[in-house]
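The next block holds one structure in the form of structure tokens; read it before the comments.
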Amino acid sequence: MYGGVSSFIATFVNVFAVYCISYYKILPLWLGTTVSTVYFLFLCMIPYVLCTYASDIAHAYKEKTPVINSINGIVYTIYVIIVLLNIKTGWIFRYTKDMGYVRGPLKNITYVMTLYYSLTTVIMIIQNRRSIARRVFAVFAIYPFICVGLVFIQFIEPKIIMTGTAAFAALFFAYITIQSDMIDYDVVTGLMTENKLRKQISLKSSYGYVYMLSIENMNLLQASVSVSQMNELFLNLGRQLTKCFERSSFRIASNRLVGICKDEESLRQNAKTMAEYISSLNVSMEGILPASLEVYTAAIQFSKDEVVYDNIIEILNNMIFKSKAKGLRQLQICDEAILVDMDRKRYIYKILKNELRLDSEQFQVWFQPIYSLKEKRFTYMEALSRLNNTDIGDIMPSEFVQIAESKGLIEKLGNVAFEKVCKFISENKNLVQAVSINFSVYQMMNPNLFQNVLGTIGRFGLQPSNIIMEITESIFIDNFDLVRKNMIQLAEAGIKFYLDDFGTGYSNLANVIGLEFSTIKIDRSLVLKMEESTKAENLISNLIGTFKDADLSILVEGVETNNQNELVIKAGADYIQGFLYSRPLPPDECIELLKHQKEKANIILEED
């Protein structure tokens, strides 16, 4: 922006200054002096601005501002002072009635300034060439020499009308070139952007294989190393990708790189080379990175006949997701089975869009009763979403929840499930005390969560104590303050919170104790660990004791055998959930179970 404004002003003033020089006899001397002074002020602004711009790119994301920026600023400030003093001193030029425009002893100062900034630019980009993308480096390396060449021509042939453009035209064109170039090129890696990838795949003559590399532990890396270290890492990855895929290498997301090649043999060789490079990179950066790069790769063939870019990227993203879930680090190439699976996912997505409503008979909420060891009965239950009786049969939650997350339906799914839970409670108030239901990160981040939850509860004539919200601690990784605020508001209104799946992720005891949780749900994985060794049993028992000392109740889920039941009771569990006590039940079957339990309790009371 500054380059464009300076160029426009300098070019305009240059023409006016030439006019004043030519017609000094009929124009006031003060006008010629003023115009020429303004011209000199702006003449060296473009080299200074572009030199600073080059410095910012060369030292991109450095933790300290380079000293050269300060030096360049001082040099330009001195130049401005000399130009302003020239009005009185005539060091650079002066106007006389007899001779008109007369050059002074410092007449060549603009050439010196231009050469200084050009030389400084070249030195900076050469010194920092390893941290500058190849294309950007080439632009900065070439244009200062063009500028110097134009200045030299003007110096030996001063009558050529290049006065206003020689010092800055080439540099301004460099600025424009780099800016336009950066629209389609990633400045950190030098790779082309997704816009370029889309265009290349869409070409009628284009065909081959699309290779995608995804770094799945980016959040951990970014939180542990400096920005400059991360950019150096991606610069090296970009250079290696360019070596493998030459002119068809792209960066389409912060953690995803893409390459295109023509045949499967080249694909496999390039993928092998990239895998070997990443292994060596992990070794060389050991001690710098908190963990090795968690890299997964996938590829798909495409033809020039029928190409839909979004479908290609969707398939590759899905393959990466599955590779991560299964821990498959080797290259995955799309086959017919994957395409069939993608078609199935699209169909499930359509089902979800149609069925996520309160009156749907396909999107259901089932309930798994939870047993209280103190009261010796089922006191409440957990709500579990189901998608049953569809055209393609019953669909497992693990499948349709993932699709809802990837397609942006997860918040709607959670809200509809919550409405169904409230409806269920309102219709069975004499039997159902409370129901726990999982709330996703998207629901918990909604700034209107408090109003939405209390509004739904009120609409069905319920009390906040009828609802227990279950959340996993992964919610707090990036959204601690907002989620904590929402939790406090809802807890003050009377809603209880359970920490779900404790033992499966990044559980932080400070969060557990410091937030509004009333109960900790111990995951089944810890129950299995208790069966494996006495050491694990003692550790988990001590952990449960610590929670209970903090006035937290303990619910253990996934109990399926008598042995597991004995272990968790011995460890101090307050509540138990699992197949040993009851499987998840449809609403009517759950009510029948609670009715039977109530009738049995009444019989015992009558006998007593």
Side-chain angles (χ1 to χ4, degrees), residues 314 318 340-370 380-446 448-449 451-464 466-472 495 500 577 582-595:
E314 181 185 5
N318 184 64
V340 170
D341 182 65
M342 288 298 300
D343 288 338
R344 175 180 170 83
K345 283 180 166 53
R346 291 192 189 100
Y347 194 74
I348 293 174
Y349 170 64
K350 290 181 180 179
I351 294 173
L352 282 172
K353 284 187 69 177
N354 292 330
E355 297 299 328
L356 287 181
R357 61 182 194 274
L358 182 60
D359 61 350
S360 172
E361 294 183 0
Q362 292 183 354
F363 179 67
Q364 306 170 2
V365 175
W366 287 24
F367 301 89
Q368 186 172 24
I370 296 171
Y380 63 100
M381 60 210 69
E382 179 182 6
L384 302 166
S385 297
R386 294 289 186 267
L387 194 57
N388 293 337
N389 307 318
T390 72
D391 294 343
I392 55 177
D394 295 347
I395 303 170
M396 294 295 292
S398 57
E399 186 174 15
F400 72 75
V401 169
Q402 178 206 327
I403 294 170
E405 287 179 343
S406 64
K407 295 294 186 178
L409 290 177
I410 191 65
E411 185 174 9
K412 185 176 181 181
L413 185 152
N415 291 338
V416 174
F418 181 53
E419 286 187 329
K420 284 181 173 285
V421 166
C422 290
K423 184 174 183 289
F424 172 76
I425 299 173
S426 68
E427 294 172 349
N428 301 280
K429 289 182 179 179
N430 60 325
L431 291 171
V432 180
Q433 176 182 336
V435 175
S436 66
I437 178 172
N438 188 274
F439 271 65
S440 70
V441 61
Y442 303 97
Q443 289 171 285
M444 293 301 298
M445 286 178 60
N446 190 323
N448 298 318
L449 176 67
Q451 293 85 347
N452 293 344
V453 170
L454 271 293
T456 302
I457 290 173
R459 183 153 42 93
F460 286 94
L462 305 181
Q463 297 298 319
N466 295 131
I467 299 298
I468 301 166
M469 294 173 62
E470 295 191 17
I471 58 177
T472 58
I495 290 177
D500 195 16
Q577 177 182 355
S582 174
R583 291 177 176 272
L585 302 171
D588 54 348
E589 292 184 25
C590 184
I591 292 302
E592 287 300 318
L593 175 64
L594 295 178
K595 284 181 179 179

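Considering only heavy atoms from C-beta on, Ser426 comes within 4.5 Å of Leu462 through its side chain. Side-chain contact check for Ile467 versus Cys422: some heavy-atom pair is nearer than 4.5 Å. In this structure the side chain of Leu594 reaches within 4.5 angstrom of the side chain of Met381, judged on heavy atoms. In this structure, the side chains of Asn389 and Asp394 come closer than 4.5 Å at one or more pairs of heavy atoms. At a threshold of 4.5 Å between non-hydrogen side-chain atoms, the residues Met445 and Glu411 do not count as touching. Between Leu593 and Pro369, the closest side-chain pair of non-hydrogen atoms falls below 4.5 Å. Considering only heavy atoms from C-beta on, Arg346 comes within 4.5 Å of Glu314 through its side chain. Taking 4.5 Å as the limit, some side-chain heavy atom of Phe418 sits within range of a side-chain heavy atom of Thr456.
No donor-acceptor pair closer than 3.5 Å links the side chain of Lys420 to the backbone N or O of Ala383. Judged by distance alone, the side chain of Asn466 and the main-chain N or O of Ala434 form no donor-acceptor pair under 3.5 Å. The main-chain N or O of Gly393 is never found under 3.5 Å from a side-chain atom of Asn388 such that the two would form a donor-acceptor pair. At distances below 3.5 Å, not a single donor-acceptor pair connects side-chain atoms of Asn446 with backbone N or O atoms of Tyr442.
Among all heavy-atom pairs drawn from Lys412 and Leu356, the shortest one is CE-O, 3.4 Å. The shortest non-hydrogen separation linking Ile495 to Pro464 is CG1-O, 3.6 Å. Nearest approach of Ser385 to Ala417, heavy atoms of both residues: OG-CB, 3.8 Å. Of all the heavy atoms in Ile471 and Phe439, the pair that sits closest is CG2-O, 3.8 Å.
Trp366 CH2 to Leu585 CG: the interatomic distance, rounded to the nearest 0.5 Å, is 8.0 Å. With rounding to the nearest 0.5 angstrom, the CG atom of Asn318 is 5.0 Å from the NZ atom of Lys345. The CD atom of Gln433 sits 8.0 Å away from the CD1 atom of Ile468 when rounded to the nearest 0.5 Å. Within the model, atoms CG of Asn452 and CD1 of Ile457 stand 11.0 Å from one another, a figure rounded to the nearest 0.5 Å. Rounded to the nearest 0.5 Å, atoms CD (Gln443) and CG (Asn438) are 8.0 Å apart. The line from CD1 of Ile395 to OG1 of Thr390 is 4.0 Å long, rounded to the nearest 0.5 Å.
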message = Go through it in stages, so that I can follow the logic: the residues are Val365 and Phe424, the test is side-chain contact (heavy atoms from CB on, under 4.5 Å), and I'd like the CA-CA distance, side-chain angles, deciding distance and then a yes or no.
response = CA-CA 9 Å; Val365 175; Phe424 172 76; over 6 Å; no
Working for side-chain contact (heavy atoms from CB on, under 4.5 Å), residues Ile403 and Leu409 = CA-CA 8 Å; Ile403 294 170; Leu409 290 177; over 6 Å; no
ask   = So Val435 and Phe367, side-chain contact (heavy atoms from CB on, under 4.5 Å) or not? Walk me through it.
value = CA-CA 8 Å; Val435 175; Phe367 301 89; 4.0 Å; yes
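There is a side-chain donor-acceptor pair under 3.5 Å between Ser436 and Glu470.
Residues that satisfy the ring pair (Phe, Tyr, Trp, His ring centres under 6.0 Å) test with Phe400, not counting sequence neighbours, are absent from this structure.
Salt-bridge check for Arg344 with Glu399: passed, with a basic side-chain N closer than 4.0 Å to an acidic carboxylate O. Look at Glu427 and Lys423 and you find a salt bridge, because one of the NZ, NE, NH1 or NH2 atoms lies within 4.0 Å of a carboxylate O, short of that distance.
Atom OH of Tyr380 sits in a crowded spot, with more than 12 heavy atoms from other residues, nucleotides or ligands closer than 6.0 Å. For Arg583, the CZ atom is loosely surrounded, since the number of other residues' heavy atoms within 6.0 Å does not exceed 12.
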